[in-house]
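Take a look at the structure below.
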Amino acid sequence: MSFINYSAREINCKIVYYGPGLGGKTTNLQFIYNKTNPDLKGKMISLATETERTLFFDFLPIALGEIRGFKIRFHLYTVPGQVFYDASRKLILKGVDGVVFVADSQEERMEANLESVDNLRENLVERGYDLDTMPYVVQYNKRDLPEVVSVDEMRRQLNPRRVSDFEACATTGQGVFESLKESARLVLRDLKKKSG
Amino acid sequence: MIDTLVIQDEDYREILDAIERLARHVRAKGVFLIEKNGQLIADAGEMYGLDTTSLASLAAGNVAATAGLAKLIGEDDFPTHFHQGQHDHLHMTVIGGRFILLVVFDDRTSLGLVRLRVRKSSGQLAQIFEDVLKRADGGAGALDEITEADIDKLFSD
């Protein structure tokens, strides 16, 4: 749910990074954090286990600029990818404006990708959202690793709606800002459409 | 479900009045009004320089997780939360099912007084938000001015 504050002339939106465990959601946020001008970002919060697995969520607030005097701010969240943290994933989807699905391109993770997309769809329905109509971007991460599934095959299995998708390597930053910008653009367009 | 929460100038002033009054009456260090999804709406008090964005996000996460626990044991929600620190303490109340009123206080005041005044302010704030949500326009005013070209321009490098 976006929040428009006329007094502060701000539009605030929420994007959630979703996907299977160890797929690179936190790495996406870390890259964005490291490469963003300090004036445009807040503190990155990671609620993680001792082994640096996401326990509840990562959170990063960033400013993307101004449109007609309104500051455009996005709150980026990741969910914990491990299967047994489903209750937490449901909580984080509350009020979501857009989703970036971070898929793991390795062959042995395709089943986990598919399971995670199904889980996303179900959890969105519980919150009253429809994955087929909401702002949604797919990222094929870890393209630098050996034994990856072809992009065509990943697209066929994970992106039947043919939403915007990006090849990525979150550790080097390839595709990271592209995915974020496209997601933010879709969220703002959707916001405008709903208001009209 | 209303997708967009829109706070107009006059709403904001009313909200600010209410939480500033609360901060004064309970001698709170800080009073924060947070949307349950983690957006800070307004704050009052003396906690200058505090990272209020993080505070709002973590408070919302805390309230959401506790509500999840409540449901597991058959409760609807735990609408009031209290965290006791060595010097500073935190009191959180859910208002109208959608907002969190968070008070940070120390030993200049008492939990009893905070509870009492928060209850009173909650009623006032719930009424303000009922009005805000009733006349919600989905942000049409602000978003009418924005064109597709403006959005594209924001993302052009």
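Lettering follows sequence order; numbering is per chain, from 1. All values below were derived from every heavy atom in this structure, side-chain atoms included, with hydrogens, water molecules and symmetry-related copies excluded.
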Measuring heavy-atom distances to chain B, does [X] have an atom under 4.5 Å in its side chain, in its backbone, in both, or in neither?
{"X": "Ala184(A)", "result": "both"}
{"X": "Phe3(A)", "result": "both"}
{"X": "Arg9(A)", "result": "side chain"}
{"X": "Ile45(A)", "result": "side chain"}
{"X": "Phe177(A)", "result": "neither"}
{"X": "Leu47(A)", "result": "side chain"}
{"X": "Glu66(A)", "result": "backbone"}

I'd like to know if [Y] and [X] are part of one continuous hydrophobic network [Ile/Leu/Val/Met/Phe/Trp/Tyr, side-chain heavy atoms within less than 4.5 Å].
{"X": "Phe99(B)", "Y": "Leu55(B)", "result": "no"}
{"X": "Ile92(A)", "Y": "Met134(A)", "result": "yes"}
{"X": "Val176(A)", "Y": "Phe74(A)", "result": "yes"}
{"X": "Phe82(B)", "Y": "Val31(B)", "result": "yes"}
{"X": "Ile15(B)", "Y": "Ile34(B)", "result": "no"}

So which heavy atom on [X] is nearest to which on [Y], and how close?
{"X": "Tyr77(A)", "Y": "Gly38(B)", "result": "OH-CA, 4.4 Å"}
{"X": "Asn37(B)", "Y": "Lys14(A)", "result": "O-NZ, 4.1 Å"}
{"X": "Ser54(B)", "Y": "Lys43(A)", "result": "OG-CB, 4.0 Å"}
{"X": "Phe57(A)", "Y": "Ser57(B)", "result": "CE1-OG, 3.8 Å"}

Are any non-hydrogen side-chain atoms of [X] and [Y] less than 4.5 angstrom apart?
{"X": "Leu191(A)", "Y": "Ile146(B)", "result": "no"}
{"X": "Leu154(B)", "Y": "Arg185(A)", "result": "no"}
{"X": "Thr4(B)", "Y": "Lys194(A)", "result": "no"}
{"X": "Glu10(A)", "Y": "Ile7(B)", "result": "no"}
{"X": "Asn5(A)", "Y": "Ile41(B)", "result": "no"}

- request: State the CZ-OG1 distance between Arg73(A) and Thr53(B), to the nearest 0.5 angstrom.
  value: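 Reported to 0.5 Å precision, the distance equals 7.0 Å.
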- prompt: Distance from Asp152(B) atom CG to Leu188(A) atom CG, nearest 0.5 Å?
  reply: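 It is 10.0 Å, given to the nearest 0.5 Å.
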Residues, nucleotides or ligands: over 12 heavy atoms within 6.0 Å of Glu52(A) CD: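 Not more than 12 within 6.0 Å, no.
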task: Flag yes if more than 12 heavy atoms outside Asp76(B) fall under 6.0 Å of its CG atom; otherwise flag no.
output: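 Count not over threshold, so no.
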message: Show, in sequence, the C-alpha distance, side-chain angles and deciding distance for Phe59(A) and Leu58(B), and conclude whether the side chain to side chain contact (heavy atoms under 4.5 Å, CB included) test is met.
response: CA-CA 9 Å; Phe59(A) 168 70; Leu58(B) 288 171; over 6 Å; no
message: Counting only non-hydrogen atoms closer than 4.5 Å, does Asp51(B) touch chain A with its backbone (N, CA, C, O), its side chain (CB onward), both, or neither?
response: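 Interface part for Asp51(B): side chain.
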